[in-house]
Protein chains: 2
Amino acid sequence: MRTLKYAILGLLNKKDMTGYDIAKEFKYELFKFWHARHSQIYPELKRLAEEGFVTYDIKISGDILEKKLYSITEKGQKELLIWLHKDENISQTPKDVFRLRMYFSNNLDLESRIHLLENQKVQHKEKLDILKKTAEQYSEIPDHNTDRFGDFIVLEGAIMRQESVIKWLDKCIGYCKKAQKEEKKNK
Amino acid sequence: MRTLKYAILGLLNKKDMTGYDIAKEFKYELFKFWHARHSQIYPELKRLAEEGFVTYDIKISGDILEKKLYSITEKGQKELLIWLHKDENISQTPKDVFRLRMYFSNNLDLESRIHLLENQKVQHKEKLDILKKTAEQYSEIPDHNTDRFGDFIVLEGAIMRQESVIKWLDKCIGYCKKAQKEEKKNK
DNA sequence: CGAAGCATGTAAAACGTTACATGATTGG
DNA sequence: CCAATCATGTAACGTTTTACATGCTTCG
């Protein structure tokens with residue numbers, strides 16, 4: 001499917017970047033729906049250059065440090081547009097290790113379950129807070145023809161997903177606490 | 001991390017199964033949070049047997065068809081329990097190709113965006129319907145010490161996630177339609 | 001001067017998908 | 001008898017993570 005190819009083309013379509021910049025974008029922007037590391041990015045950039053979808057200029061930073069500033073070619077832009085138009089089937093639900101654990105949670109005592117659930121909740125709340133802080137920069141819906149539109153809707157999606165996860169964790173915690181009370185009553 | 005190892009141990013802890021049965025569980029039960037195919041399962045079962053976490057008996061089905069009925073060993077059960085208790089950090093948000101497309105959607109006209117969004121919505125709704133039909137078997141919250149408890153909470157989580165995705169898609173469709181109206185007005 | 005960050009790569013291992021390969025059983 | 005499903009495996013390929021490897025620049 002070569003998703004990384006299109007992620008990179010999309011980013012370079014906004015502006016010229018180095019491999020390092022692209023890695024940073026993944027870390028600080030695209031993390032809302034994906035993550036790729038530099039060890040994947042550099043080889044893919046090399047390949048895209050060989051295929052003629054991108055080119056690069058070598059720039060000198062400071063005295064001797066060379067960096068490759070990549071830009072998208074016309075061929076690359078065409079390729080990106082074709083991909084953007086593609087209908088796709090929704091993918092298999094991705095692996096969620098915590099839910100696997102909960103699936104088998106009848107093997108744990110209630111206290112352990114609550115502990116695990118609360119721990120997840122704290123972490124998901126932290127992530128939600130970061131997303132919400134990012135969202136503050138948007139006082140209104142950005143124009144649909146700007147970069148910011150895509151960023152905005154994806155950010156909203158990430159927030160909604162995060163809130164839904166937290167709601168689910170709360171529900172599970174509720175079930176466990178209720179069962180705990182009943183257990184105590186029966187003693 | 002060897003998540004597949006623990007998924008298999010968890011399943012075998014419920015009851016004895018063949019590799020084929022385990023593949024079916026993935027397809028019809030665990031799909032709510034994961035999917036693994038038989039080409040991963042068979043080698044893993046072999047490895048688990050070598051490591052002493054599972055054993056198997058060869059059963060004859062019909063006249064000659066051999067099947068391996070696997071069961072968990074005591075060692076396997078211990079291993080599973082240790083894993084179940086583990087706190088874990090929430091994982092990187094998994095890859096979502098559609099959101100990547102939407103991230104770059106300013107390169108698409110509004111009509112195309114709406115088309116893509118509606119297509120996703122139909123598919124996610126179908127998935128939601130299947131989940132909801134499965135949920136009908138639960139008239140009340142199952143006892144927390146039974147297998148059904150884990151199944152139940154994970155099912156609820158899957159439904160909530162699905163509903164949240166659909167809500168997001170609707171929101172995006174709303175933005176696009178609003179922009180479309182404004183475009184027409186300005187003509 | 002030292003730490004944090006900039007910058008680029010490769011290698012090995014782990015994980016996952018698709019394709020190849022084969023054959024038996026069950027139920028209509 | 002035929003189709004769907006049961007049943008087990010391997011091989012090749014693609015994706016992702018972790019580790020290895022190196023060195024420069026900027027700012028306090």
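Protein chains get the first letters and strands the later ones, always in sequence-line order, with residue 1 at the start of each.
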Please report the distance, rounded to the nearest Å, between [atom1] in [X] and [atom2] in [N].
| X | N | atom1 | atom2 | value |
| --- | --- | --- | --- | --- |
| B/Leu30 | C/dG16 | CG | C1' | 16 Å |
| A/His35 | D/dT16 | NE2 | C1' | 11 Å |
| B/Ile58 | D/dT8 | CD1 | C1' | 11 Å |
| B/Gln92 | C/dC15 | CD | P | 16 Å |
| B/Met17 | D/dC6 | CE | P | 14 Å |
| B/Phe31 | C/dG16 | CZ | C1' | 20 Å |
| A/Lys5 | D/dG14 | NZ | C1' | 14 Å |
| B/Ile41 | D/dC6 | CD1 | C1' | 14 Å |

Letter per nucleotide, 5' to 3', of nucleotides 1-14 of chain C [B base touched, S only sugar-phosphate touched, - untouched; heavy atoms, 4.0 Å]: ----SBBBBBB---
Touch class at under 4.0 angstrom, heavy-atom based, for A/Lys59 against every strand present: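 Nothing: the residue A/Lys59, judged by heavy atoms under 4.0 Å, touches no strand.
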Heavy-atom closest pair, residues A/Tyr6 and A/Met1: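 That would be CE1-O, 3.8 Å.
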Toward the 5' end of DNA chain C, by each residue's nearest nucleotide, B/Thr3 or B/Asp63: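 Taking each residue's closest nucleotide, the earlier one in sequence belongs to B/Thr3.
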Nearest listed nucleotide, side chain of B/Trp34, among D/dT16, C/dG16, C/dT25: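 Among the listed nucleotides, the one closest to the side chain of B/Trp34 is C/dG16.
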Under 3.5 Å side-chain donor-acceptor pair for [X] and [Y]:
| X | Y | result |
| --- | --- | --- |
| B/Glu25 | B/Tyr20 | no |
| B/Asp57 | B/Tyr70 | no |
| B/Asp109 | B/Ser112 | yes |

C/dG16 phosphate, OP1 or OP2, under 4.0 Å from B/Arg37 side-chain N/O: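 No, outside the criterion.
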Reported SG-to-CD distance for the pair A/Cys176 and A/Glu183, which is rounded to 0.5 angstrom: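 Separation between the atoms: 10.5 Å.
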Cation-pi geometry met for A/Arg101 and B/Trp83 (6.0 Å, 45°):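 Verdict for B/Trp83: a cation-pi partner in A/Arg101.
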Salt bridge (Lys or Arg N to Asp or Glu O under 4.0 Å) between A/Glu51 and A/Arg47, intermediate numbers included: CA-CA 6 Å; A/Glu51 292 169 327; A/Arg47 188 174 168 189; 3.4 Å; yes
